[in-house]
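Heads up, the thing below is written out as structure tokens.
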Amino acid sequence: MSSGRDYRELMFTFWGSYLEEPYKEVGIEIAKTLMKHWGAVKLLSRSRVPNLVSAKTEEERNYIENIETPEALEEIIRNHRLFKNSSMFVAGYFNSAVTDDKHWVDLVVSFEYMHMIEYDRLKFYRTKDPELNAARTAALLEVLKDIARLPAVRELWMGDRWNGFLGEPAFLYRPRKLYDRVQDGSETLKTKEEVLSLVKRFEEHVPREWVLGYLRRRLGEDAVEELDAKKIVVKFYDGTITKEKVRGWHFIQAFTKDVDAYLAERGLKLM
């Protein structure tokens, strides 16, 4: 595990703007889901940079190592002195889809957001073997699908550059006036009422089939998948997470403008 700012996002969600369940409960379910795929939590702490060096006694330690079962993880987060009153927890794993080296991944759970980060500049997804890169990206996507299937997780973004989306179509509609605030950590929690109201209006006025048709025409059939009755998967990348088909954030802004135009033709406006 590395520290500092040299990291890349593998997934993230600004759930402080929409989550209606206790965030720590949802975080526990995500951490347990990752254990299904990657095994033991190697390090559980209250910080992305735990005190691994200078702690000399049990009381000084701010981390726990090698949690082998989901049941043990849940018990520790709920009841251990380090975590029961903490506003954040960080669970570290080895991504077992990467077999030639140990690929450390941190799940970070807090009030405002949840994200999963790695510290190797995505080098395991940009090898000289395109097929290997694609296979590792596909394996990561399957993990994210399991997380996105949790009912409480309504939006999930893949990659450091908005490379993919898993969630309810309404969360693809991101007017800058509101979502610049959502994506500002100091404002995220203040936007919940506005976000939930906007999502409700989107669902009332923009048909799911229109959204799916729009995405498939512009990205291709293979880039869009229905995850369940509510959620979809959209890939903005070409084969591997490090190769953009389109720039995700630019595409989202174009989609937002086209939704506005679609509604304007019908005399409607969401914001």
Side-chain angles (χ1 to χ4, degrees), residues 1-2 6-15 26-27 29-43 48 70 73 90-109 113-150 152-168 171-172 215 219-220 222-228 231-249 251-252:
M1 182 184 65
S2 303
D6 187 19
Y7 63 82
R8 298 293 183 271
E9 309 253 14
L10 292 177
M11 71 173 180
F12 60 93
T13 181
F14 299 98
W15 66 17
V26 184
E29 291 306 309
I30 292 171
K32 289 162 64 176
T33 299
L34 291 174
M35 292 183 83
K36 286 196 318 184
H37 289 274
W38 295 338
V41 171
K42 298 299 183 183
L43 194 71
R48 213 165 48 78
L73 176 70
V90 181
Y93 304 80
F94 286 135
N95 177 354
S96 57
V98 175
T99 57
D100 62 348
D101 203 347
K102 290 181 177 178
H103 182 210
W104 186 276
V105 175
D106 274 336
L107 169 70
V108 182
V109 171
Y113 58 82
M114 177 275 293
H115 66 167
M116 186 165 71
I117 55 184
E118 62 100 71
Y119 302 88
D120 295 288
R121 298 186 178 184
L122 297 176
K123 73 177 184 181
F124 294 112
Y125 301 92
R126 58 170 95 250
T127 72
K128 294 179 180 179
D129 184 343
E131 291 186 4
L132 179 60
N133 298 335
R136 287 176 173 173
T137 298
L140 175 63
L141 182 61
E142 290 305 310
V143 174
L144 269 54
K145 285 180 182 179
D146 265 2
I147 292 168
R149 289 186 180 101
L150 295 171
V153 179
R154 302 182 68 179
E155 61 149 20
L156 189 65
W157 298 94
M158 179 183 187
D160 211 43
R161 298 170 62 85
W162 306 73
N163 305 92
F165 171 80
L166 303 90
E168 299 173 21
F171 286 87
L172 283 168
L215 296 172
L219 297 171
D222 62 343
V224 184
E225 175 187 343
E226 295 188 70
L227 189 63
D228 57 30
K231 297 174 182 177
I232 63 175
V233 178
V234 185
K235 293 185 282 189
F236 301 124
Y237 60 86
D238 183 10
T240 176
I241 194 173
T242 60
K243 184 179 179 184
E244 292 177 324
K245 177 183 286 187
V246 297
R247 290 190 174 185
W249 181 246
F251 185 93
I252 293 158

Would you give the length of the straight line joining atom [atom1] of [X] to atom [atom2] of [Y], rounded to the nearest 0.5 angstrom?
X: I147; Y: K36; atom1: CD1; atom2: NZ; result: 10.0 Å
X: T33; Y: L150; atom1: OG1; atom2: CG; result: 4.5 Å
X: M11; Y: M114; atom1: CE; atom2: CE; result: 4.0 Å
X: W157; Y: F165; atom1: CH2; atom2: CZ; result: 5.0 Å
X: E118; Y: D160; atom1: CD; atom2: CG; result: 8.5 Å

Ignoring hydrogens, what is the shortest heavy-atom contact between [X] and [Y]? Give both atom names and the distance.
X: A223; Y: K245; answer: CB-NZ, 4.1 Å
X: T240; Y: A134; answer: CB-N, 4.4 Å
X: T137; Y: I241; answer: OG1-N, 3.1 Å
X: F236; Y: W162; answer: CD1-O, 3.2 Å
X: R136; Y: F124; answer: NH1-O, 2.8 Å

Assess whether side chain to side chain contact (heavy atoms under 4.5 Å, CB included) is satisfied between I117 and V105, documenting all intermediate values. CA-CA 6 Å; I117 55 184; V105 175; over 6 Å; no

Under 3.5 Å, side chain of [X] to main-chain N/O of [Y], donor-acceptor pair present?
X: S96; Y: H37; result: yes
X: E244; Y: G248; result: no
X: N133; Y: T127; result: yes
X: D120; Y: L122; result: no
X: E155; Y: F14; result: yes
X: D146; Y: L144; result: no

Working for side chain to side chain contact (heavy atoms under 4.5 Å, CB included), residues L219 and F251: CA-CA 10 Å; L219 297 171; F251 185 93; 3.8 Å; yes

So Y7 and R121, side chain to side chain contact (heavy atoms under 4.5 Å, CB included) or not? Walk me through it. CA-CA 6 Å; Y7 63 82; R121 298 186 178 184; over 6 Å; no

Around atom CZ of R149, are there more than 12 heavy atoms from other residues, nucleotides or ligands closer than 6.0 Å?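 Yes, because the 6.0 Å sphere around CZ of R149 holds more than 12 heavy atoms from other groups.
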
Which residue in the set L43, V41, D106 passes side chain to side chain contact (heavy atoms under 4.5 Å, CB included) when paired with Y93?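 Testing each of L43, V41, D106 against Y93, the sole residue satisfying side chain to side chain contact (heavy atoms under 4.5 Å, CB included) is V41.
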
Applying the side chain to side chain contact (heavy atoms under 4.5 Å, CB included) criterion to F12, which one of M158, M116, H115 satisfies it?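 That would be H115.
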
Non-hydrogen side-chain atoms of [X] and [Y] separated by less than 4.5 Å:
X: Y113; Y: V108; result: yes
X: L141; Y: V233; result: yes
X: I232; Y: L215; result: yes

Residue from K145, K235, K231 passing salt bridge (Lys or Arg N to Asp or Glu O under 4.0 Å) with E225: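 Between E225 and the candidates, salt bridge (Lys or Arg N to Asp or Glu O under 4.0 Å) is satisfied uniquely by K145.
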
On the 0 to 90° scale, with breaks at 30° and 60°, tag the Y125-H103 ring pair as parallel, tilted or perpendicular.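 Plane angle over 60°, so perpendicular.
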
Please assess I30 against V109 for the test side chain to side chain contact (heavy atoms under 4.5 Å, CB included), listing each intermediate value before the final yes or no. CA-CA 9 Å; I30 292 171; V109 171; 5.9 Å; no

Are the aromatic ring centres of F94 and W104 under 6.0 angstrom apart?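 So the answer is yes for these two rings.
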
